[in-house]
Amino acid sequence: FALPHEFNRLILAHKKILLSVLFRAVSETLLEFGQRRLGATIGIIAVLHTWDQTLKDHFHLHCLVPAGALSLDHSRWIGARPNFLFPVTALSQVFQGKFLALLEQACDKGKIPPANNQIKASRQKSWVVYAKKPFGSPQTVLDYLGRYTQRVALSNDRILNGQNGQVSFNYRDRRDGDRKKIMTLDVYEFIRRFLLHILPDGFVRVRHFGFLANRSKKQALAQCRRLLK
């Protein structure tokens, strides 16, 4: 789930409030689809990323969702279709509506300054929700979690050179067939971009919802395992 870049400056000035709004909008969207389409509670692991491949600000959540749900009375496991969870176009529309409604509430309560221009501009765009096909094995799931939960904006192995006041690093250009390229930045611009991704003290960037929520997962997961044998 990715936010339009019209909100970037506002988020950078009010990270704690607006990134929490992002988590809430995404989790409410997915949980609502689970209840409507499966009649049950899904589980969600949501991981915040704030960067793109060139270290610019790009706010989005990666969500890992089991292919099924626990019935509301906890008596049944309801499996999703093997190759499909929810339609991404519908997800993006509901996500947009929820995020903008929560943003307007925050503005009305004076928590952040008015954002009328950003809201108006974002309504004209298609919001991006992308779903990948199911993972092939438990090991693949663990590998994915390891990469995405522990990742920082730039890993050491991507830094190629640092001298004469410049830093070079490699990146993948998504607009050019995911080709690997090299970018060189002035050291001050490099540091500026890297510092964009420092989160407020105590901010939790990996969160769990539905039957994976911390307050309910002990009993809910045990019941899922019983039902799945």
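Throughout, residue positions are numbered sequentially from 1 according to the sequence presented.
Annotation: salt bridge (Lys or Arg N to Asp or Glu O under 4.0 Å) contacts of Arg205 (sequence neighbours excluded): none. Take Ser122 and apply the side chain to side chain contact (heavy atoms under 4.5 Å, CB included) test, not counting sequence neighbours, and it matches Pro4, Phe7, Leu100, Trp127. For the ring pair (Phe, Tyr, Trp, His ring centres under 6.0 Å) test, no residue two or more places apart in sequence or in another chain qualifies with Phe59. With sequence neighbours excluded, the residues forming a side chain to side chain contact (heavy atoms under 4.5 Å, CB included) with Arg192 are Glu189, Leu196, listed by chain and number. Take Ala80 and apply the side chain to side chain contact (heavy atoms under 4.5 Å, CB included) test, not counting sequence neighbours, and it matches Leu85. With sequence neighbours excluded, the residues forming a side chain to side chain contact (heavy atoms under 4.5 Å, CB included) with Arg147 are Asp143, Tyr144, Arg151, listed by chain and number. For His5, the ring pair (Phe, Tyr, Trp, His ring centres under 6.0 Å) partners two or more places apart in sequence, or in a different chain, are His58. Here Lys125 pairs with Glu6 under the salt bridge (Lys or Arg N to Asp or Glu O under 4.0 Å) rule; sequence neighbours left out.
Taking the side chain as every heavy atom from C-beta outward, Leu199 and Leu48 approach each other to under 4.5 Å. For the pair Thr50 and Asp57, the minimum side-chain heavy-atom distance is 4.5 Å or more. Inter-residue side-chain proximity for Ser20 and Arg207 is flagged as met; some heavy-atom pair is nearer than 4.5 Å. No side-chain heavy atom of Pro66 sits under 4.5 Å from any side-chain heavy atom of Ile42. Side-chain contact between Leu30 and Leu91 is present, with heavy atoms from C-beta onward closer than 4.5 Å. With contacts defined as side-chain heavy-atom distances shorter than 4.5 Å, the pair Leu10/Leu103 qualifies. A heavy-atom distance below 4.5 Å is found between the side chains of Ile119 and Glu104. Using a 4.5 Å heavy-atom cutoff, the side chains of Gln96 and Ser126 are not in contact.
Thr89 and Ser92 share no donor-acceptor pair across their side chains, judged by distance under 3.5 Å alone.
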Yes or no on side chain to side chain contact (heavy atoms under 4.5 Å, CB included) for Phe135 and Leu64, after CA distance, side-chain angles and deciding distance? CA-CA 10 Å; Phe135 292 114; Leu64 191 63; 3.1 Å; yes
Given Leu185 and Thr54, is the side chain to side chain contact (heavy atoms under 4.5 Å, CB included) satisfied, shown in steps? CA-CA 10 Å; Leu185 298 174; Thr54 60; over 6 Å; no
Side chain to side chain contact (heavy atoms under 4.5 Å, CB included) between Lys56 and Trp51: does it pass, once the steps are laid out? CA-CA 6 Å; Lys56 290 182 178 178; Trp51 55 83; over 6 Å; no
Apply side chain to side chain contact (heavy atoms under 4.5 Å, CB included) to residues Asn164 and Gln166 and explain how you reach the verdict. CA-CA 6 Å; Asn164 301 323; Gln166 294 187 317; 5.6 Å; no
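The two atoms that bring Ile182 and Tyr171 nearest to each other are C-CE2, 3.8 Å, heavy atoms only. Summarising the geometry of Lys98 relative to Ala25, their closest heavy-atom pair is CD-O, 3.9 Å, with the distance given to 0.1 Å. Looking at every heavy atom in both residues, Ile78 comes nearest to Ala40 through CD1-CB, 3.8 Å. Of all the heavy atoms in Ala131 and Val88, the pair that sits closest is CB-CG1, 3.7 Å. Shortest non-hydrogen contact noted between Cys107 and Ala115 is SG-N, 3.8 Å. Nearest heavy-atom pair across Leu38 and Ala69 is CD1-CB, 4.0 Å.
By the 30° and 60° cut-offs, the orientation of the rings of Phe95 relative to Phe1 is perpendicular. Note: His62 and His60 have perpendicular aromatic rings, judged against thresholds of 30 and 60 degrees for the angle between ring planes.
The CD1 atom of Ile44 lies 8.5 Å from the CG atom of Leu212; values are rounded to the nearest 0.5 Å. Between the OG atom in Ser168 and the CD1 atom in Ile159 there is a gap of 10.5 Å [rounded to 0.5 Å]. Atoms CG and OG, on Leu61 and Ser27 in that order, are 9.0 Å from each other to the nearest 0.5 Å. Here CD1 of Ile11 is found 7.0 Å from CG of Leu22. Values are rounded to the nearest 0.5 Å. Between the NZ atom in Lys218 and the CD atom in Gln223 there is a gap of 15.0 Å [rounded to 0.5 Å]. Here the CG atom belonging to Leu70 is positioned 9.5 Å from the CG atom belonging to Leu221, to the nearest 0.5 angstrom.
A donor-acceptor pair under 3.5 Å is absent between the side-chain atoms of Lys16 and the main chain of Gly202, judged by distance alone. Counting only distance, with no hydrogens or angles, the side chain of Ser216 and the backbone of Ala220 share no donor-acceptor pair below 3.5 Å. Looking only at distances, a side-chain donor or acceptor of His197 sits under 3.5 Å from a matching main-chain atom of Leu55.
Residue pairs meeting the salt bridge (Lys or Arg N to Asp or Glu O under 4.0 Å) criterion with at least one member in residues 163-178, sequence neighbours excluded: Asp173-Lys181, Arg174-Asp178, Asp176-Arg179, Asp176-Lys181. Pairs of residues two or more places apart, or lying in two chains, that qualify as ring pair (Phe, Tyr, Trp, His ring centres under 6.0 Å) and include a residue from residues 198-229 are Trp77-Phe211. Listed by first and then second residue, the side chain to side chain donor-acceptor pair (under 3.5 Å) pairs that reach into residues 107-118 come to none, sequence neighbours excluded. Screening residues 15-38 for ring pair (Phe, Tyr, Trp, His ring centres under 6.0 Å), with sequence neighbours left out, gives Phe33-Phe86.
Note on Tyr148 and Leu142: separate hydrophobic clusters, where clusters join Ile, Leu, Val, Met, Phe, Trp and Tyr whose side-chain heavy atoms are under 4.5 Å apart, directly or indirectly. Side-chain heavy atoms closer than 4.5 Å link hydrophobic residues (I, L, V, M, F, W, Y) into clusters, and following such links, possibly through other members, connects Leu195 to Val167. No chain of hydrophobic side-chain contacts below 4.5 Å, direct or via other Ile, Leu, Val, Met, Phe, Trp or Tyr residues, connects Val47 to Val129. Cluster annotation: Ile198 is connected to Tyr188 through the hydrophobic network of ILVMFWY side chains, with a link wherever side-chain heavy atoms come within less than 4.5 Å. With hydrophobic clusters built from ILVMFWY side chains whose heavy atoms lie under 4.5 angstrom apart, Leu31 shares a cluster with Val21.
Few gaps surround CZ on Arg158; more than 12 heavy atoms of other groups in view lie less than 6.0 Å from it.
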